[in-house]
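Along the sequence shown, residues carry numbers from 1. One-based numbering, in listed order, for ligands and for the atoms of each.
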Amino acid sequence: MAKSVYIDGSLVPADQATVSVFDHGLLYGDGVFEGIRVYGGNVFLLSEHVDRLYESAQAIRLQIPIPHQELVAAVNETVQANDIVDGYVRLVVTRGAGTLGLDIRKTSHPIVIIIADTITLYPEEIYENGMELVTASTIRNHPGALNPRIKSLNYLNNILAKIEGTDAGCVEALMLNHNGEVAECTGDNIFIIKDGLIRTPPTDSGILEGITRNSVIDLARDAGHEVQETALVRHDIYIADECFLTGTAAEVIAVVSLDGRTIGDGTPGPITRDLMARFSKLTRGLPAS
Ligand code: PMP
């Protein structure tokens with residue numbers, strides 16, 4: 001449990017970190033957030049996450065009240081205050097307290113919250129043997145309604161799909177976009193490998209542009225693989241040699257079946273395992289701060 005939480009400009013004991021019941025983050029999911037990993041005392045790709053937070057905020061016309069560098073410093077300060085060496089940071093900006101109406105002009109001011117805590121991971125067994133996926137009937141938000149590139153506090157779209165995954169006995173679920181193409185999973189981006197070529201949906205397939213996704217694309221290209229960002233359909237996954245997911249919490253994890261169809265030979269494939277190892281080296285191999 002976190003000891004102290006950064007809220008609205010200062011670090012306070014965790015049990016005193018509270019927001020108003022009139023906060024539009026609570027009333028309407030009106031706000032943005034980031035989830036970030038801490039490895040060996042270093043906040044991994046912090047600047048990239050903070051950039052994405054500002055972009056999400058910009059898209060919903062929310063003005064983050066402090067500049068980028070100050071936010072980076074506040075995250076590091078919160079991690080240190082909680083003695084987090086390997087853990088997870090949740091960065092949240094809400095619209096602030098308002099009235100029981102939607103008008104953002106009646107809200108007080110945006111509230112920045114930083115929580116540094118430990119992280120719950122998928123069971124080790126899934127990293128060794130890979131995960132099974134099902135396709136959710138809930139499609140990903142239409143980009144013209146709430147663009148999935150915005151990491152907003154309204155995660156109901158993903159939660160509804162996650163429930164379907166849970167009902168099917170899966171820890172993740174695949175989400176399609178409004179065109180029936182593969183978008184992403186409820187909290188992870190998806191990749192396939194076919195005949196040595198690595199493919200992942202582009203941002204205009206209606207996905208969150210994952211920071212882990214981009215990091216793994218770089219790692220794969222550095223390792224000499226060709227990576228293409230192209231639209232995929234479920235058939236591409238069914239007939240793939242390998243499939244894996246990327247995400248801040250999940251890191252890199254193999255997928256061994258989708259909708260009851262075995263992918264490849266039903267075990268984590270060689271390129272996936274190599275990328276898992278490379279990602280692990282990148283994160284664990286960072287010098288201590
Ligand atoms: N897609 C969705 C919908 C997510 O919530 C996440 C995790 N935040 C991701 C993809 C993976 O993004 P990242 O690698 O930046 O954690």
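- None of Arg52, Arg90, Lys151 except one satisfies the salt bridge (charged side-chain N to carboxylate O under 4.0 Å, His left out) rule with Glu34; the exception is Arg52.
- The distance criterion of under 3.5 Å between nitrogen or oxygen atoms is met by Thr212 with respect to ligand 1.
- Distances below 4.0 Å separate heavy atoms of Asn158 from the following atoms of ligand 1: 3 (C).
- The nearest heavy-atom contact from the protein to atom 11 (C) of ligand 1 is Asn189 OD1, 3.7 Å.
- Thr186 pairs in a side-chain hydrogen bond (donor to acceptor under 3.5 Å, both in side chains) with only one of the listed residues (Arg140, Glu164, Glu172), which is Glu172.
- Within the listing of ligand 1, atoms 13 (P), 14 (O), 15 (O), 16 (O) sit less than 4.0 angstrom from a heavy atom of Thr248.
- At least one heavy atom of Arg52 sits closer than 4.0 Å to an atom of ligand 1.
- When the heavy atoms of Gly247, Gly210, Gly187 are ranked by distance to atom 9 (C) of ligand 1, first place goes to Gly187.
- Shown in contact with Lys151 at under 4.0 Å from a heavy atom are these atoms of ligand 1, numbered in order with element: 5 (O), 7 (C), 8 (N).
- Neither the backbone nor the side chain of Ile207 has any atom closer than 4.0 Å to an atom of ligand 1 (non-hydrogen atoms only).
- Taking only nitrogen or oxygen atoms, main chain and side chain alike, Leu208 does not reach within less than 3.5 Å of ligand 1.
- Using a 30° and 60° split on the angle between ring planes, Tyr127 and Tyr122 fall in the tilted class, from 30° to 60°.
- Here is the list of ligand 1 atoms found below 4.0 Å of a heavy atom in Tyr155: 2 (C), 3 (C), 4 (C), 5 (O).
- If you check which protein heavy atom lies closest to atom 1 (N) of ligand 1, you get Glu184 OE1, 2.6 Å.
- A centroid separation of less than 6.0 Å is found between the aromatic rings of Phe279 and Phe44.
- Judged purely by atom type and a 3.5 angstrom limit, Arg273 uses its side chain to pair as donor or acceptor with the backbone of Pro268.
- Using a 4.0 Å cutoff on heavy atoms, Thr186 counts as a contact of ligand 1.
- Residue-to-ligand polar distances keep Glu209 apart from ligand 1: every N/O pair is separated by 3.5 Å or more.
- Checked for salt-bridge contact, Arg284 and Glu251 meet the test: a charged N lies under 4.0 Å from a carboxylate O.
- Cation-pi contact between Arg261 and Tyr238: present, with separation from the ring centre below 6.0 Å and deviation from the ring axis of at most 45°.
- Within the 3.5 Å criterion, the main-chain N or O of Lys162 finds a donor-acceptor partner in the side chain of Thr166.
- Residue-level proximity to ligand 1 for Arg140 is carried by the side chain, the only part with a heavy atom below 4.0 angstrom.
- A perpendicular orientation is assigned to the rings of Phe33 and Tyr155, their planes being inclined by more than 60° (bins at 30° and 60°).
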